Amino acid sequence: MSGPAGGTARAATTTDVVCLGESMVTFLPSQPGRLADVPSFGRGIGGAESNVACALAAAGHRAAWVGRVGADGFGDHLVETIGGYGVDTSAVRRDPERPTGIYFRTATDRGAGAHEVAYYRAGSAASAMSPANVPYEEVFAGRVLHLSGITAALSADCLELVRELTAPRPGRPLVSFDVNHRPHLWRGGPADASVLLELARRCDLVFVGEDEAEEAWGIVGAEAIRAALPEPAVVVVKRGSAGATVFASGLRPGPRSSNAGGAENDGAEFAPDAVTPVPALHVDVVAAVGAGDAFAAGFLSATLRDLPVRDRVRHGHLMAAAVLTVPGDLTEPPARDHADRLVALDDEAWGRLRLGPGWTAADRAPEEVRTP
């Protein structure tokens with residue numbers, strides 16, 4: 001396989017999804033309160049793309065994570081923990097000169113006014129990812145390549161890398177892109193957040209929240225978001241408690257000769273445009289962190305299984321509900337047959353579901369998690 005400027009000679013695919021991006025060690029508070037008042041923290045991991053890889057591997061898919069960490073103990077922890085979920089970490093590179101990023105956060109919801117996060121990622125190994133040091137053979141080895149806007153915001157080199165990975169090229173896998181707009185990363189960064197719109201338009205499957213589209217681009221409403229993103233075959237607009245709306249021209253994972261906005265597409269199958277709104281679930285939330293990554297993993301899992309669009313969204317909602325009902329970013333997802341039973345419910349029964357802590361237990365029948 002050649003480098004970023006050349007074509008892509010793809011061997012037989014053995015990986016379902018390759019996720020590329022930053023992962024950090026996260027320190028979770030032992031009790032609620034200001035960071036200044038929390039006496040101790042528990043160690044975990046956090047990273048949009050590695051979260052997706054872990055969730056997919058836990059759901060039975062062949063997932064790989066490509067990233068860059070320091071040659072330090074925190075880097076060891078990340079690689080070992082992510083690998084412990086069944087994720088292939090063989091393409092992770094160690095940087096002998098730059099540290100692994102870490103961050104601390106409070107126990108409150110990210111959207112709450114009292115929420116605090118202290119990031120120590122400037123000059124990190126992940127921020128040094130570039131077209132010159134990423135293993136392209138491994139990056140393009142899957143049926144799907146999953147990226148996010150967080151990587152593009154880390155540095156000028158990272159932005160150049162994401163531009164290279166989303167560029168049209170022969171044999172390109174389906175490129176999935178979660179916008180993941182983080183305003184604090186773009187202040188004084190390599191470009192304005194509007195670059196995320198440029199990147200999203202080069203991809204095949206895009207996840208974007210209504211709130212972040214308005215904040216980043218000044219675009220309001222699902223239809224307007226789709227109008228601003230005409231090229232991707234599938235655009236998933238996340239609408240919070242209202243659920244999600246999918247705009248799809250019908251695309252299956254597989255090698256592609258160009259991007260969604262380009263010309264010929266080898267291995268892709270299209271159907272007429274369709275708009276599919278899917279209501280959200282009622283969830284007793286423990287912590288909201290990681291839900292968007294879990295939703296993307298659930299949607300990608302169902303996409304790999306070639307399920308109908310409605311079922312892809314419902315699997316996304318269920319995977320998100322699994323994370324929403326635990327304190328951290330990651331958890332064991334529901335067993336596939338359990339999730340499939342819930343996804344198959346009719347609209348009325350789906351609307352009655354209420355999921356709380358422990359709902360993913362394998363011995364739970366659908367009737368046991370319905371609202372009385």
Side-chain angles (χ1 to χ4, degrees), residues 1 10-27 43-103 121 124-148 150-151 154 157-158 161-162 164-165 173-178 180 253 290 293-294 296-298 300-301 304 319 323 328-333:
M1 178 182 293
R10 290 167 55 85
T13 297
T14 59
T15 303
D16 291 322
V17 181
V18 175
C19 302
L20 178 146
E22 174 194 45
S23 192
M24 294 187 289
V25 172
T26 176
F27 289 91
R43 185 178 63 176
I45 65 171
E49 298 84 1
S50 58
N51 284 348
V52 171
C54 290
L56 284 167
H61 297 283
R62 297 163 298 182
W65 172 60
V66 178
R68 193 171 182 86
V69 300
D72 50 31
F74 288 146
D76 293 341
H77 177 65
L78 282 175
V79 173
E80 292 167 6
T81 303
I82 294 169
Y85 280 86
V87 176
D88 181 354
T89 60
S90 61
V92 176
R93 297 296 185 259
R94 308 300 291 263
D95 191 320
E97 299 178 352
R98 299 174 180 84
T100 302
I102 64 173
Y103 71 97
R121 72 192 338 163
S124 70
S127 68
M129 286 189 294
S130 76
N133 60 27
V134 164
Y136 278 76
E137 291 82 0
E138 287 87 348
V139 170
F140 289 112
R143 297 170 63 195
V144 177
L145 170 61
H146 181 70
L147 307 168
S148 95
I150 294 173
T151 305
L154 295 178
D157 283 343
C158 284
L161 173 63
V162 178
E164 291 283 3
L165 296 179
L174 187 152
V175 178
S176 165
F177 185 76
D178 194 333
N180 265 331
D293 304 329
L300 286 171
S301 173
L304 289 163
M319 196 81 85
V323 170
D329 291 30
L330 293 166
T331 188
E332 190 73 20

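None of these values were measured; they are calculated from a predicted model.
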Give me the atom names and distance for the closest heavy-atom approach of Pro333 to Met319. CB-SD, 3.3 Å
Of all heavy-atom pairs between Phe177 and Ser148, which one has the smallest distance, and what is that distance? CE1-C, 3.6 Å
What's the spacing between Cys158 SG and Glu22 CD if we round to 0.5 Å? 8.0 Å
Counting distance only, does the side-chain N/O of Arg62 pair as donor-acceptor with the main-chain N or O of Thr14 below 3.5 Å? yes
Taking atom CE of Met24 and atom CG of Leu78, what is their separation to the nearest 0.5 Å? 9.5 Å
Testing the basics here: between Ala91 and Val66, what is the closest heavy-atom pair and its distance to 0.1 Å? CB-CG2, 3.9 Å
Does Asn51 reach the side chain of Val323, with side-chain heavy atoms less than 4.5 Å apart? no
Can you name the nearest heavy-atom pair linking Val52 to Cys19, along with the distance? CG1-SG, 3.9 Å
Would you give the length of the straight line joining atom CZ of Phe74 to atom OG1 of Thr81, rounded to the nearest 0.5 angstrom? 11.5 Å
Rounded at 0.5 Å granularity, tell me how far CG in Asp293 sits from NE2 in His146. 7.0 Å
Under 4.5 Å between any side-chain heavy atoms of Val175 and Leu165, yes or no? no
Looking at OG of Ser176 and CG of Leu145, how far apart are the two atoms once the value is rounded to the nearest 0.5 Å? 8.5 Å
Apply side chain to side chain contact (heavy atoms under 4.5 Å, CB included) to the pair Val134 and Val139, showing each step before the final yes or no. CA-CA 8 Å; Val134 164; Val139 170; 3.3 Å; yes
Can you measure from OG (Ser127) to CZ (Arg121) and round to the nearest 0.5 angstrom? 9.5 Å
Distance-minimising heavy-atom pair for Val87 and Trp65: CG1-N, 3.5 Å
Only pairs at least two apart or in different chains count here, so list each salt bridge (Lys or Arg N to Asp or Glu O under 4.0 Å) that has a residue in residues 92-101. Arg68-Asp95, Asp76-Arg94, Asp95-Arg98
Given 3.5 Å as the limit, does a donor-acceptor pair link the side chain of Thr100 with the main chain of Gly75, or not? yes
Minimum heavy-atom distance Asp16-Leu304, with the two atoms named: CB-CD1, 3.9 Å
